[in-house]
Each structure stands twice: as structure tokens, then as C-alpha cells.
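Only one structure is covered here, and it is reproduced in the block below.
Read the numbers this way: they start at 1 and go in the same order the structure lists the ligands and their atoms. Quick caveat: nothing in here was measured; it's all calculated off a predicted structure.
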Amino acid sequence: MAEDDSDETYRDERARFYDATLPDADRPDVGFYVDLARETDQPVLEATCGTGRIYLDLLAAGVDADGFDRSRDALAVLRETAAKRDLEPSVWQADLASFETERRYGLVTCPFNAIQNLTAVDAQLSALRSVHDALVPGGRFVFDVFVPNFDIICEDYGQWQSKDIDYRGETHQLRSRTLIADEVEQLFTVETELYDADGSLVFTEEEHLAMLPKRQLELLARLSPFESFSATGDFTDEPLSDGHSIQVWSLRKGDE
Ligand SMILES: C[S@@+](CC[C@H](N)C(=O)[O-])C[C@H]1O[C@@H](n2cnc3c(N)ncnc32)[C@H](O)[C@@H]1O
């Protein structure tokens with residue numbers, strides 16, 4: 001498939017910078033998704049694989065894994081890192097909202113809030129249909145998104161957060177803030193700016209995302225072609241409940 005550059009986020013230096021922020025991510029998701037993929041005795045697809053933070057560990061663990069992402073530049077970073085790690089990636093550019101695959105998978109994943117990039121209900125449902133088509137009968141779609149936390153929204157949204165970060169051997173300043181873009185539609189915008197040691201702007205980016213509280217995901221799952229669904233909290237086996245900060249959803253395709 002020909003690659004285009006119509007994606008708006010994770011471009012150029014922003015895509016390269018993504019990996020520099022990973023040590024701060026402090027998320028147990030890599031081990032979670034690698035274990036899940038290893039238990040699946042069938043091919044695995046990571047939708048929105050980005051720069052390969054999780055995808056490359058799937059390959060390193062011997063999983064037969066494919067991946068796709070909308071960002072051509074993130075995929076270029078993934079391929080460079082794969083070459084350094086002597087791994088052979090099978091990734092391509094595609095849109096989560098409407099993709100088709102040649103293979104069928106036992107597991108499709110979409111880690112780290114990426115499904116929140118789909119801000120329209122039609123696009124969210126279309127993505128669920130695309131994933132369903134990509135799965136074998138009995139296959140599972142597993143993804144995670146954050147629980148919208150009222151304290152964080154009230155206290156932090158609108159405020160610039162700033163921190164120093166080591167990038168390309170120099171201290172850079174990362175500034176970011178999250179803004180409510182539309183209260184009725186529950187949409188928000190994340191603005192990110194990176195400045196080099198001289199104070200020059202390296203990149204600026206605006207990402208538009210949707211809040212996906214549990215009830216909305218439950219309604220989407222009910223409207224989707226999936227046969228059954230469940231949600232756990234914080235990458236544990238506990239059913240999702242008040243106090244968890246991450247929703248981990250598993251949607252199962254029926255046996256045909
Ligand atoms: C937070 S990153 C997650 C990347 C990777 N899965 C990880 O966990 O590190 C979100 C990714 O979603 C991708 N993305 C956003 N919207 C997308 C869409 N509509 N279709 C495909 N990829 C998309 C971005 O390019 C980015 O690589």
C-alpha cells in the first residue's frame with residue numbers, strides 16, 4: 001500500500017521525540033500486551049503501533065505480529081529501531097477508523113489511549129467493525145484508555161506543565177497542556193511544545209481526542225458486531241471499578 005503523509009500528528013521531530021518520553025511513561029502495559037500476545041497461538045495485530053514501543057517487544061518475544069499506524073514518520077522511527085535491534089517488522093500506514101487486512105488475527109490490540117484519537121461516534125464504530133473483520137472467529141480486541149478523572153480535569157486542565165527532558169544529548173524543555181475543546185461532545189485537545197537548550201522551538205503539536213468513559217465504551221461495544229465484552233482496571237484481573245485509572249477492554253468475536 002502506498003504511504004501518504006496526510007496524518008496531522010506524530011510528524012517529523014515529534015515522532016522521533018516520542019521515544020524520549022517513554023522512560024517517563026512508567027506504564028505496565030508493555031509486559032501486559034506481550035504476555036497476552038504470547039498466550040495467543042495465532043498472529044497478532046497492533047493497531048496504532050506508533051514507534052514500536054510495544055510492537056518491537058512483541059517481535060523480540062517471538063510473536064508473529066503485524067502493526068499499522070497513521071503516522072508515516074512514527075513508522076520510520078519504528079523501522080530504524082527495529083534494524084538496530086535486528087528485528088524484522090511487518091508494519092504499514094493505515095487509519096484505525098477504516099482499515100482492511102489480508103491476514104486474520106487471533107488478537108488485535110490498540111494500546112495507550114490511541115482509540116481516543118477517533119472523535120466521532122461513526123469513526124469509533126467503524127474502527128470496531130474493521131477490527132472485527134480482521135479477527136478470526138473467537139478472536140479478541142484488547143485496548144486501553146484512561147478513566148476521565150474529575151480531580152485531574154478540574155485541577156490540571158488548562159494549566160501548562162513543564163519539564164526538562166534529555167533529548168539528542170541536550171536538555172530540552174517539554175511544555176504541554178490539556179484543554180477542554182467541547183464540553184458537550186466531551187472532546188479535549190493536548191498541546192505539546194518542545195524547546196531546545198537555546199530556547200528555540202523544535203516542534204509544536206495539537207492532538208484532538210475524545211473522552212471515553214466506561215458507559216460510552218459499553219454502548220459502543222453493544223452496538224458493535226462483537227459477541228461479548230468485559231473491562232478490567234489498571235492491567236490487573238480486577239473488574240473495572242471506581243478507583244482505577246486505566247480501563248482495559250476486551251471484546252470477543254463470536255465463534256462462527
Ligand atoms: C499514544 S501513541 C501510542 C503508540 C503505541 N501503541 C504505544 O503504545 O506506544 C498513539 C498512536 O496512535 C496513532 N494514531 C492516532 N490516530 C490514528 C488513526 N486514526 N489511525 C491510526 N493510527 C492513529 C498515532 O500516530 C500514534 O502513533
List ligand 1 atoms under 4.0 Å from [X], heavy atoms only on the residue side.
X      : result
Asp95  : 18 (C), 19 (N), 20 (N)
Ile54  : 8 (O)
Glu46  : 5 (C), 6 (N)
Phe112 : 1 (C), 8 (O)
Leu118 : 19 (N)

Quick one: which of [options] has a heavy atom closest to [atom]?
atom                    : options                     : answer
atom 17 (C) of ligand 1 : Arg27, Gln116, Arg70        : Arg70
atom 20 (N) of ligand 1 : Thr51, Leu96, Thr119, Thr21 : Leu96
atom 11 (C) of ligand 1 : Asp69, Asp73, Asn117        : Asp69

Checklist entry - Between the main-chain N or O of Leu209 and the side-chain N or O of Thr119, is there a donor-acceptor pair closer than 3.5 Å? => result no
Checklist outcome for this item: So for Tyr18 against ligand 1, with non-hydrogen atoms under 4.0 Å, the contacting part is side chain
Item to check | Mode of Cys49 contact toward ligand 1 - side chain, backbone, both, neither (heavy atoms, under 4.0 Å) | outcome: backbone
Checklist entry - For the residue pair Phe141 and His132, is the inter-centroid distance of their aromatic rings smaller than 6.0 Å? => result no
Checklist entry - With a 3.5 Å cut-off and no angle check, do the side chains of Glu207 and Thr192 form a donor-acceptor pair? => result no
Item to check | Distance-only side-chain donor-acceptor flag, His208 / Thr189, under 3.5 Å | outcome: yes
Item to check | Test log, rule salt bridge (charged side-chain N to carboxylate O under 4.0 Å, His left out), inputs Glu39 and Arg140 | outcome: CA-CA 12 Å; Glu39 287 161 16; Arg140 283 202 296 158; 5.1 Å; no
Checklist entry - Between Asp19 and Arg53, does at least one N-O distance fall below 4.0 Å, as a salt bridge requires? => result no
Checklist entry - Below 4.0 angstrom, N of the basic side chain to O of the carboxylate: do Asp41 and Arg38 qualify? => result no
Item to check | contact_flag Ala94 ligand 1 heavy-atom lt 4.0 Å | outcome: yes
Checklist entry - Of all the heavy atoms in Ala97, does at least one lie under 4.0 Å from an atom in ligand 1? => result no
Item to check | Six-ring centre of Phe112, Arg27 cation under 6.0 angstrom, axis tolerance 45° | outcome: yes
